[in-house]
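For reference, the structure discussed in these notes is given below.
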Amino acid sequence: LDGEEMSWEEAVARFTDQTGLPGPSTWELGDYPEELDDLPVGGVSWFEADAFARYAGKNLPTVYHWFRAATPWRSGWILPRSTMGQDASVAVGTGGGMSQFGTLDMAGNVREWAFNSSGAENFILGGGWDDVLYVFTVANTASPWDRTPTNGLRLAEYLGESTTLALARRPIPRPHRDFTLETPVSDEVFAAYRSQYAYDPMDLDAQVEASDTTEDWIRDRVVIDAAYGGERLPLYMYRPLEVNAPLQTVVYFPGSGALWSGSFEDYFTDHVSLIVKSGRAFLFPVYQSTFERDDGFIYRRQEPTNTYREHVIQWMQDLSRSIDYLETQADIDADRIGFFGFSWGGMLGPIPLALEPRLKLGILHAGGLSPLPTLPEVDPFHYVSRVKVPVLMLNGQYDGIHPLETAARPMFQFLGTPEEDKELFDSPVGHLSLSPEAMGQALRWLDRYLGEPGGG
């Protein structure tokens, strides 16, 4: 315990109930109180949970199996019906909050020990009845000796041993960054970072390859010269049906689904509709590695490799070249261009907002700072404090990809934008959802900082 060595007898002697007899910390006289008959067992350490699993001929689930069964990416539907954030646990199976695969109580009632360790601690997942909701989406750890009343277990049964299962049981180093202990690079170093994104002036050689009209918009597929490698950069330019020039424009940076979607047409258009129906233009560049520009890049959110750095630079150059194109359009107001980043785009958003002076505001949906390591010249942390334009962050309280407390709030707090010109609006939704209230906030933000559409 905390580096102290003890005998088996000394260790087992710690696992007693409230009356000093063997049992979970919530029991009395070696048994559970009768009134707790239908409630999940709590107050067990990892050692007790693992011992019981072996006794029952089953296993503690690995982190990977647990998250697969819990489907936290469906948290927006699970958490509102869960038993989290309450005053007490409820009878097993009565709390709602069913996962995609039909499992119950994985959000709330008691936390559930997983097999894997991380350093001196073990993973304990799901969150207890007294935990805040976002805990469900986070891989938390605790001392294996911890016998908090909300510490429980769920058992798994595997179909035989395998090499894959052995790999899944290995310890998992837990990425963590305390951003409050970090300092952005100096202005001199940042100037060197900025120079890596520069490119020589060049003609666009813009060609409109296709146009189509729907009941919501007019869309052109335009292709221009990229800033690198002699490549061509496709742009999808959306205009409202009733053009009230000069048009304000929102430049989009999508979620990571664009990296493994083979067709632009299969990507969802919720954000497009929101902006275009407000009377504004919407520019969706086909960034390097996305859609038909697939170059084999493997996305891992962020990583400390030269390949990743080169791609971030290309993505930012794609965005700037897109703005170069907007400046050539007679019906576009080049002084009223905003940025909308979703998920992946929200995570990277501080980089273009700090580098690109032609962007007058930012809206970051489901964004946040990542704890994963990366090279400093492409780390959003070194850019976020240099963002000065108005920024609206739209985040979900149940977001498991960019959790509200550990990813979104740190990004918001470090934004260099004046306090009166930045806002973090959180809604009771998961990672992918945009609540009606958040949609309204986005439109009001555009009106406030770009002006009402057609207002001149």
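Quantities reported herein were computed from a predicted structural model and do not represent experimental measurements.
- Looking only at distances, no side-chain donor or acceptor of D50 sits under 3.5 Å from a matching main-chain atom of L60.
- Between F115 and F123, a ring centre-to-centre spacing not shorter than 6.0 Å is recorded.
- For the pair L247 and P240, the minimum side-chain heavy-atom distance is below 4.5 Å.
- A donor-acceptor distance shorter than 3.5 angstrom exists from the side chain of E356 to the backbone of R358, with no hydrogens or angles considered.
- For the residue pair E231 / Q288, a side-chain donor-acceptor distance below 3.5 Å is found, with atom types taken as modelled.
- The backbone N or O of T103 lies less than 3.5 Å from a partner atom in the side chain of S99, making a donor-acceptor pair.
- Using modelled atom types, one side-chain atom of Q248 and one backbone atom of G451 make a donor-acceptor pair closer than 3.5 Å.
- Crowding of D203 atom CG: a count of heavy atoms from other residues, nucleotides or ligands under 6.0 Å not exceeding 12.
- The existence of a salt bridge linking R219 and E265 is confirmed by a sub-4.0 Å separation between a basic side-chain nitrogen and an acidic carboxylate oxygen.
- I323 contributes atom CD1, which lies 8.5 Å from atom CG of L283 (distance to the nearest 0.5 angstrom).
- Side-chain atoms of W344 and L348, non-hydrogen and from C-beta on, do get closer than 4.5 Å to each other.
- One finds no salt bridge joining D447 and R444 here, because no Lys/Arg side-chain nitrogen approaches an Asp/Glu carboxylate oxygen to under 4.0 Å.
- Side-chain N or O atoms of K422 include one that pairs as donor or acceptor with a backbone N or O of F412 at under 3.5 Å.
- Counting heavy atoms from C-beta on, the side chains of Y449 and D421 come closer than 4.5 Å.
- Under a cut-off of 6.0 angstrom, the local environment of CZ in R448 is crowded, with over 12 non-hydrogen atoms contributed by other residues, nucleotides or ligands.
- No donor-acceptor pair closer than 3.5 Å links the side chain of S385 to the backbone N or O of G416.
- The number of heavy-atom neighbours closer than 6.0 Å to CG of L181, taken from other residues, nucleotides and ligands shown, is above 12.
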**Report entry** side-chain contact (heavy atoms from CB on, under 4.5 Å) between M202 and D324, worked out
**Finding:** CA-CA 10 Å; M202 64 185 75; D324 292 346; over 6 Å; no

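- For the ring pair (Phe, Tyr, Trp, His ring centres under 6.0 Å) with F264, the lone residue among Y236, Y287, Y252 that qualifies is Y236.
- The aromatic rings of H271 and F342 sit perpendicular, their planes meeting at an angle over 60°, well past the 30° parallel limit.
- The pair D187-R194 does not meet the salt-bridge criterion, since no charged nitrogen lies less than 4.0 angstrom from a carboxylate oxygen.
- In this structure, a donor-acceptor pair under 3.5 Å is present between the side chains of E121 and T141.
- Closest heavy-atom contact between L364 and M411: CD1-SD, 3.9 Å.
- The aromatic rings of Y299 and F297 sit tilted, their planes meeting at an angle between 30° and 60°.
- Within the 3.5 Å criterion, the main-chain N or O of N109 finds a donor-acceptor partner in the side chain of T83.
- Between R111 and D146 there is no salt bridge, since no side-chain nitrogen of the basic residue lies less than 4.0 Å from a carboxylate oxygen of the acidic one.
- Applying the side-chain hydrogen bond (donor to acceptor under 3.5 Å, both in side chains) rule to pairs touching residues 303-313 yields S289-H311, D295-H311, R300-E303, N306-R309, R309-E377, sequence neighbours excluded.
- The two residues A142 and I124 have their closest heavy-atom pair at CB-CG2, 4.0 Å.
- Looking at W113, its side chain does come within 3.5 Å of a backbone N or O of V44 through a donor-acceptor pair.
- Without hydrogens or angle criteria, R321 side chain to D225 main chain gives a donor-acceptor distance under 3.5 Å.
- Here F179 and F381 bring their ring centres to under 6.0 angstrom of each other.
- R280 has no carboxylate O lying under 4.0 Å from a charged side-chain N of D333, or vice versa, which leaves the two without a salt bridge.
- Formation of a donor-acceptor pair under 3.5 Å by the S45 side chain with backbone atoms of R147 is not found in this model.
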Report task. Mind running side-chain contact (heavy atoms from CB on, under 4.5 Å) on R239 and Q329 for me, showing each step along the way? Result -> CA-CA 12 Å; R239 291 176 171 86; Q329 300 301 291; 3.4 Å; yes

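- Pairing each heavy atom of A107 with each of L79, the nearest pair is CB-CD2, 3.9 Å.
- A salt bridge is defined here as a Lys NZ or Arg NE, NH1 or NH2 lying under 4.0 Å from an Asp or Glu carboxylate O, and D105 with R154 fails to meet this definition.
- Here the closest non-hydrogen pair linking Q196 and Q317 is O-NE2, 4.2 Å.
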Query raised in the report: Stepwise, does the ring-ring contact (aromatic ring centres under 6.0 Å, His included) test hold for W445 with F425?
Result: CA-CA 11 Å; W445 199 258; F425 184 84; over 10 Å; no

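- When all heavy atoms of N116 and N122 are compared, the pair lying nearest together is O-ND2, 3.4 Å.
- The existence of a salt bridge linking E292 and R232 is excluded, since no basic side-chain nitrogen approaches an acidic carboxylate oxygen closer than 4.0 Å.
- In terms of heavy-atom proximity, L369 sits nearest to P410 at CD1-C, 4.0 Å.
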